[in-house]
2 protein chains.
Amino acid sequence: MSQISELKKNDTKRDGKKTQDDIVYAHIFDAILEQRLSPGTKLNEESLGEIFGVSRTIIRRALSRLGYEQVVVLRPNRGAVVACPTLEEARQIVFARRVVEKAVTELVCDHAQKKQLEQLRQMVRDEQACFDRGDRGAGIRLSGEFHLMLAEIASNPPLLSFQRSLVSLCSLIIAQYESGAKSHCSYDEHFELIDAIAAKDKARAVSLMMHHLDHIEEKLSLDDEIATDDLRAIFSNVRNSK
Amino acid sequence: MSQISELKKNDTKRDGKKTQDDIVYAHIFDAILEQRLSPGTKLNEESLGEIFGVSRTIIRRALSRLGYEQVVVLRPNRGAVVACPTLEEARQIVFARRVVEKAVTELVCDHAQKKQLEQLRQMVRDEQACFDRGDRGAGIRLSGEFHLMLAEIASNPPLLSFQRSLVSLCSLIIAQYESGAKSHCSYDEHFELIDAIAAKDKARAVSLMMHHLDHIEEKLSLDDEIATDDLRAIFSNVRNSK
DNA sequence: GTTGACTTTTTTGTATACAATTATAGTATG
DNA sequence: CATACTATAATTGTATACAAAAAAGTCAAC
């Protein structure tokens, strides 16, 4: 179908030292973050290979990396699908993210330099522009990248890599459970957060961050069983009436 | 060299649903945890393939998984080596672990059942037995598995997977920076921790856990530049006297 | 029309062959 | 003797072929 023209050998000039599976990984990762790939979508190795113009070997590497981050589920002998977190899993992911974001926020308050704060503000302006022009997908991606940028400023590589996984999982959750067209992660809150960081007000920054995550969690409680495709849950009443 | 006899197709009976690269992964992971593989060791794909009796494809998958967990470093075109965390990286890893262990400890205080507490106690007894009989390697591995078991009881898969990575990285750090023969992670502290959990005393449990991690960090400060192999740091004074 | 066994097709898992890259050894030269 | 260069070997990166498993399709029996 839609062929991504030439990410072959010669292309490595521009991509620096990125290897081929990095590129494939990034493309799929972005597609998930932008919600062009919805939860549950089957990721066929051969099709992907044709789309990206590489062999299954490369696709396989990219998929197993995504699988390690739990953004896709690798079912032995049955292929990979975009993850479909259940409600319980979603709550666990948000909880883990609270833990990481709290630590990241505190570190950022200590470490952040003026230049980095300006970069953050620019990111949020870009995000705002996306939502204003109706490009929800790119907006969601930039919103996720904002949180990744925070983790980067925190200067703790292990936390950053964990954050990467959690941010993409949250994007999946939003895709799955957010019913209304309401902005999921409003940029106003991002601006407020930056101000608190600039003032080195840890307590306020952390509180804003937690409040920010509350929004995601509220949606989970609201929609509850409605959005889930778990048949077992939907028909959990059947056995009783037998 | 030492051939691990037959982890071929037929062996899958006993291993349940584990696939071949899982087995290879687990073997290398354990070897690192038990410090039979020291930091910096080159992991040749073909040699490993011969040792485990599988093709490079399988070895490659196992290595990239270890690479994702940052337990081995994958240098493009130059192969994989067991990670050698620098002092700074070591401190970052311990910091990340503080963050995760704190959350895990609190969750465990809420979730732990009697049966699980007994399992934990049994693990620490096994660990004690290993150290008593002088099997330091297995002791260190069991000590790591104790902390993984805690993360499992916490019932939060994302935190567990992060903990897995951090525990093995810490094992590497201990291997690299622990000079004395002193027990690095004394089982007494593990017993105390279990008691605090059984009493559902969150504050005390968390405090014990933090104290536990202090021990690792203290070693880092003590040994400081002595244990590091970073030539640049060792000869950082040269340029001035030129 | 539905169910269940059998066959065919598709898809994934693994090994292997070849290409590209890096490491090593040897040789010549100053 | 040290250094730079070249040729060779070893090692990793990628594609492909084949084996194993799962999915889809076929057809008969009820």
Side-chain angles (χ1 to χ4, degrees), chain A residues 1 3-28 37 40-68 72-83 231, chain B residues 1 3-28 37 40-68 71-83:
Chain A
M1 313 288 176
Q3 197 108 1
I4 291 170
S5 58
E6 295 314 294
L7 54 87
K8 294 270 181 183
K9 286 98 191 170
N10 302 0
D11 237 23
T12 36
K13 294 174 214 160
R14 268 223 57 216
D15 292 312
K17 58 198 165 186
K18 277 193 200 304
T19 145
Q20 297 200 75
D21 44 63
D22 282 330
I23 300 168
V24 173
Y25 163 83
H27 273 284
I28 301 178
L37 275 173
T41 307
K42 174 85 188 285
L43 299 170
N44 185 289
E45 295 179 1
E46 200 164 305
S47 313
L48 287 171
E50 281 172 24
I51 291 169
F52 288 102
V54 296
S55 80
R56 278 178 52 216
T57 309
I58 308 297
I59 302 296
R60 219 138 210 291
R61 273 180 75 91
L63 288 179
S64 50
R65 187 167 158 199
L66 289 161
Y68 185 84
V72 311
V73 175
L74 304 176
R75 305 164 305 174
N77 281 314
R78 304 198 48 227
V81 295
V82 179
L231 295 176
Chain B
M1 314 291 174
Q3 197 109 358
I4 291 169
S5 58
E6 295 315 293
L7 52 88
K8 293 268 181 185
K9 285 95 191 173
N10 303 1
D11 236 24
T12 36
K13 293 174 215 159
R14 268 224 56 215
D15 293 312
K17 58 195 167 189
K18 277 194 201 300
T19 138
Q20 298 201 75
D21 44 63
D22 282 330
I23 301 167
V24 173
Y25 163 83
H27 272 283
I28 301 179
L37 274 172
T41 307
K42 175 86 188 286
L43 299 170
N44 184 289
E45 295 179 1
E46 200 165 306
S47 314
L48 287 171
E50 280 171 26
I51 291 168
F52 289 102
V54 297
S55 79
R56 278 178 51 215
T57 309
I58 308 297
I59 301 296
R60 221 140 206 293
R61 273 180 75 92
L63 288 179
S64 50
R65 187 167 158 199
L66 289 162
Y68 186 84
V71 176
V72 310
V73 175
L74 303 176
R75 306 163 304 172
N77 281 313
R78 304 198 46 227
V81 295
V82 179

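Here is how names work: the chains are called A, B, and so on, in the same order as the sequence lines, proteins then strands, and each is numbered from 1.
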What integer distance in Å separates [X]:[atom1] from [N]:[atom2]?
X	N	atom1	atom2	result
R75(B)	dA10(D)	CZ	P	18 Å
L43(B)	dT12(D)	CG	P	9 Å
L63(B)	dT11(D)	CG	P	14 Å
I58(A)	dA15(D)	CD1	C1'	9 Å
E50(B)	dT16(C)	CD	P	12 Å
R56(A)	dT16(C)	CZ	C1'	14 Å
D22(A)	dT14(D)	CG	P	10 Å

Any protein N or O atoms within reach of nucleotides 7-11 of chain C? Criterion: under 3.5 Å, listing atom names and distances.
none

Under the side-chain hydrogen bond (donor to acceptor under 3.5 Å, both in side chains) test, residues paired with N44(B) that sit two or more places apart: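 N44(B) satisfies side-chain hydrogen bond (donor to acceptor under 3.5 Å, both in side chains) with S47(B) once adjacent residues are dropped.
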Can you name the side chain to side chain contact (heavy atoms under 4.5 Å, CB included) partners of V73(A), sequence neighbours left out?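 With neighbours one apart ignored, the set is R75(A), V81(A), A83(A).
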Does T57(A) put a side-chain nitrogen or oxygen below 4.0 Å from OP1 or OP2 of dT14(D)?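 T57(A) to dT14(D) OP1/OP2: no side-chain N or O under 4.0 Å.
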K42(A)/V82(A) under side-chain contact (heavy atoms from CB on, under 4.5 Å): CA gap, chis, key distance, verdict: CA-CA 7 Å; K42(A) 174 85 188 285; V82(A) 179; over 6 Å; no
Rounded distance [0.5 Å steps], CG in L63(B) versus CG in D21(B):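 Rounded to the nearest 0.5 Å, the CG-CG separation comes to 10.5 Å.
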Begin with the C-alpha distance, continue with both residues' side-chain angles, and end with the deciding distance and a verdict on side-chain contact (heavy atoms from CB on, under 4.5 Å) for L48(A) and I28(A). CA-CA 10 Å; L48(A) 287 171; I28(A) 301 178; 4.3 Å; yes
For the side-chain contact (heavy atoms from CB on, under 4.5 Å) test, which of V72(B), I59(B), L66(B) pairs with L43(B)?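 The residue from V72(B), I59(B), L66(B) that satisfies side-chain contact (heavy atoms from CB on, under 4.5 Å) with L43(B) turns out to be V72(B).
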